Engineer: 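Below are the structure tokens for one structure; questions will follow.
Everything numeric in this text was worked out from a predicted model, so none of it was measured. Note: hydrogens, waters and symmetry copies are ignored here, and every other heavy atom, side chains too, is used.
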Amino acid sequence: MPSLVGSEMCIRDRIKTWFLLPEAMKRPTVIGLWGTTGVGKTSLVNRYVELLGLGSIFMEEDIGKYSSTESDRSIFQINSKLSGEQCIFLVDEIHTTRTISENASEIDRPSLRDLWTLLDSGRLNRSRGVMEDGRLSVVERLNVVKISQRDNPDEDLKFSNFYSLYDHNYYVSSLGLELEYEEAEEKYKNNILELYELLIEKYNDILMGKMVFDYSKSLIFITGNLDEIFQFSQVSDPDSFSADELNSICQAITVSDIKQALSRRFRAEQIARMGNSHVFFPSLSEKSFRALIKVELEKYSKYVDEKFKFSMTFDESIIDLLYTIGVVPSQGCRSILSTLSAVISSRIPEWILSLKLKENHQKVLVSFDHKTEEILLRLKGNTLSKNDVPELEVIKDGVITDKNERYIISIHEAGHAVAGIVSYGMLPQRVLLGTSIPGVKGLVQFPEFKIFNKLMGESLIRYALAGRVAERMVFGDEHFTSGASSDLFRATQTASSMITELGMQELSVVTAIDPGNPNGVTSRKEEDDLLKIEMIKDAEEWALTCLKEQKILLMKMSKHLLKNDRLNAEDLKGLVLEHYNGSDKEKKKIISRKEPIFYESYAKKFKNAG
């Protein structure tokens, strides 16, 4: 059992109750499994079914294919033979069939009606529209047979031409027809009309409410990916986090977060039917990814040994290579498995050909040469094969290699980070030198802030200008770069918005840049421009004073970035504790604070107001 967020024993305890005392169940047991793609949600369910030997009572449905809002078809081709019996459902990819749109309006999905009934009571009266369509289809088939008999009275009708195995399996599942196909053929081959009349009778029973399917003794797993859950974890871009960073964030996700994320996709009464047993699968850590790579490489070694009688060993450098080019933490196992196939599996035939003239049971080593960037196949110290790794070029796209550019970006991003730490009173989540984001060469990431007030706006301007100020302070006025232009734009845009749109000035009015806009005061353009200039000037002076006071921290951060290309939460914590120019009490507050310091004043001011 992997480490799961939520109740770790939830799945086992629920299965145990369902497995041992199904007769005590009055309604289905529902367990929600959530997480990013490729973390093993579906695999875990299938593994449980396999271990318990319950494949015969297991039904799996990917309901993403029923996401159309127009279809009135039931989401399940439920095996009616299991009505009243103990059984297991896997409802996969439920996140694709949202009933609340992104703009919070309701979406009607007729195809999901059976699902909500199944999750609630487990007792289904099959969708009337579906049953009526099915009955009409059988009536039409019956008429085709009658016409064939009328037009060809002397010919024997071939049973399989009018009733296939596919048809039979559908009727067994949807109507509870208790016949094997061979039995049906033997019994009705000379009178297929009688079989169709039996099917029509079954449909009539259901339409008249005489037949109810009872799945109250079922165990139901619902699985899905909830991208919205990262909004509550203040993660705006999961793809840009390392494996351990994203895993750490996932570990902090709670059942409450899961329900909040579900509320963005489903109506309240539907979430209630999903129950309270929710488990979140965290993304894989670096250790887990490396263990997975090692297991898969061992499979390749076993295959080569059994099939071709060579003992193939993969060096640790191969694990490092595969991790570097194949791991996308938010995509789980899928990206690394496809990389293993492209980098290792596709090359095995070539390696075997290189070994075909050698004696069997020889030991061969596969390694990666970092200098030549080639995969090497070696036997007794001799290189038999060399392979380039084109996939490395994708990784290089995000690496800053120019020495001068690295100095500039490291100081620039360290300037943002230090100003943010001082102004917000908290640590950033990470600092990067080089990113995989097109056009972004460095990044400082703080959590998303929920409230925009005047202090927040002023702090954002200071933060935006601090990278530019750091460059000028370290390299001189003649050497700060054009890379700071986007920061200047953001600072000016924030100041402009505060003054002209948000009323964060002496006069609480909206001022209009466009003279033709009636919703604003148009006579204040000169005054507004002067206010913007003053606000930018004050912020720049603040940033310069701040960085001078924290110059040791600035330079230590920059040097760490030059060496490692990133600063994670632990790195930042250590640097602040050792090099921040402030009291120990202030340092402890900075490393423990989860929200910016200017939010804390609301509670104090509210209490002081009496």
Side-chain angles (χ1 to χ4, degrees), residues 10-33 41-63 66 73-92 94 111-128 130-131 134 165-184 187 198-199 201-223 273-275 277:
C10 169
I11 297 178
R12 276 182 284 189
D13 287 348
R14 286 286 183 161
I15 288 180
K16 186 177 180 181
T17 302
W18 168 85
F19 188 72
L20 297 176
L21 290 170
E23 63 275 7
M25 295 178 60
K26 301 299 182 184
R27 57 187 304 156
T29 294
V30 182
I31 300 175
L33 308 179
K41 303 180 295 292
T42 304
S43 299
L44 180 65
V45 175
N46 283 306
R47 181 61 174 155
Y48 265 123
V49 170
E50 179 186 352
L51 290 173
L52 295 173
L54 300 176
S56 62
I57 61 169
F58 177 57
M59 289 171 278
E60 180 177 359
E61 188 70 70
D62 177 355
I63 66 170
Y66 299 100
R73 291 281 176 184
S74 168
I75 64 161
F76 290 121
Q77 301 301 329
I78 295 177
N79 187 345
S80 56
K81 280 189 172 182
L82 294 176
S83 175
E85 303 295 329
Q86 191 179 25
C87 57
I88 304 174
F89 289 103
L90 170 58
V91 183
D92 209 2
I94 195 172
S111 60
L112 292 179
R113 289 169 188 163
D114 277 355
L115 170 63
W116 305 123
T117 303
L118 179 71
L119 295 179
D120 185 25
S121 67
R123 296 176 63 83
L124 295 180
N125 286 305
R126 297 306 301 274
S127 168
R128 187 168 188 84
V130 173
M131 292 297 105
L165 177 60
Y166 175 84
D167 297 328
H168 181 77
N169 289 336
Y170 175 79
Y171 295 129
V172 166
S173 173
S174 61
L175 298 177
L177 195 63
E178 297 179 354
L179 278 175
E180 297 295 333
Y181 181 74
E182 292 75 12
E183 293 179 88
K187 185 173 182 179
L198 172 64
L199 297 177
E201 183 181 341
K202 292 273 189 184
Y203 275 115
N204 287 338
D205 286 344
I206 294 173
L207 289 167
M208 292 171 66
K210 294 180 180 180
M211 186 180 295
V212 177
F213 299 105
D214 180 7
Y215 299 103
S216 59
K217 293 181 175 60
S218 62
L219 173 65
I220 305 173
F221 292 98
I222 51 178
T223 73
R273 295 185 183 197
M274 294 181 191
S277 297

Engineer: First locate atom CD1 of I63, then atom CD1 of I94, and finally report the distance between them rounded to the nearest 0.5 Å.
Structural biologist: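 Rounded to the nearest 0.5 Å, the CD1-CD1 separation comes to 4.5 Å.
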Engineer: For the rings on F89 and Y215, is their centre-to-centre separation under 6.0 Å?
Structural biologist: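 Yes, the ring of F89 comes within the 6.0 Å limit of the ring of Y215, centre to centre.
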Engineer: Could you tell me if the side chain of R27 sits less than 4.5 Å from the side chain of D120, heavy atoms only?
Structural biologist: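 SC-SC contact between D120 and R27 confirmed.
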Engineer: Are M274 and I222 side-chain neighbours, meaning at least one heavy-atom pair lies under 4.5 Å?
Structural biologist: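 SC-SC contact between M274 and I222 confirmed.
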Engineer: For the residue pair W116 and R273, what are the closest heavy atoms and their distance?
Structural biologist: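 Reported closest heavy-atom pair: O-NH1, 3.1 Å.
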Engineer: Starting from the C-alpha separation in whole Å, work towards a yes-or-no answer on side-chain contact (heavy atoms from CB on, under 4.5 Å) for I31 and L219.
Structural biologist: CA-CA 8 Å; I31 300 175; L219 173 65; 4.2 Å; yes
Engineer: Shortest non-hydrogen contact from P22 to K217?
Structural biologist: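 So the minimum-distance heavy-atom pair works out to O-CG, 3.6 Å.
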Engineer: Check S216 against S121 and note the closest heavy-atom contact, atom names and distance.
Structural biologist: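 The answer is CB-O, 3.7 Å.
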Engineer: Between N46 and F58, is there a side-chain heavy-atom distance shorter than 4.5 Å?
Structural biologist: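 Side-chain contact under 4.5 Å: yes.
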Engineer: With a cut-off of 6.0 Å (strictly less than), are more than 12 heavy atoms of other residues, nucleotides or ligands near CD of E183?
Structural biologist: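 Buried by this count: over 12 neighbours within 6.0 Å.
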Engineer: Check whether any side-chain heavy atom of F221 lies under 4.5 Å from a side-chain heavy atom of L44, and answer yes or no.
Structural biologist: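 Heavy-atom side-chain distance check fails, nothing below 4.5 Å.
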Engineer: Locate the shortest heavy-atom distance separating H168 from Y181; write the atom from each residue and the value.
Structural biologist: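 Closest heavy-atom pair between H168 and Y181: NE2-N, 3.3 Å.
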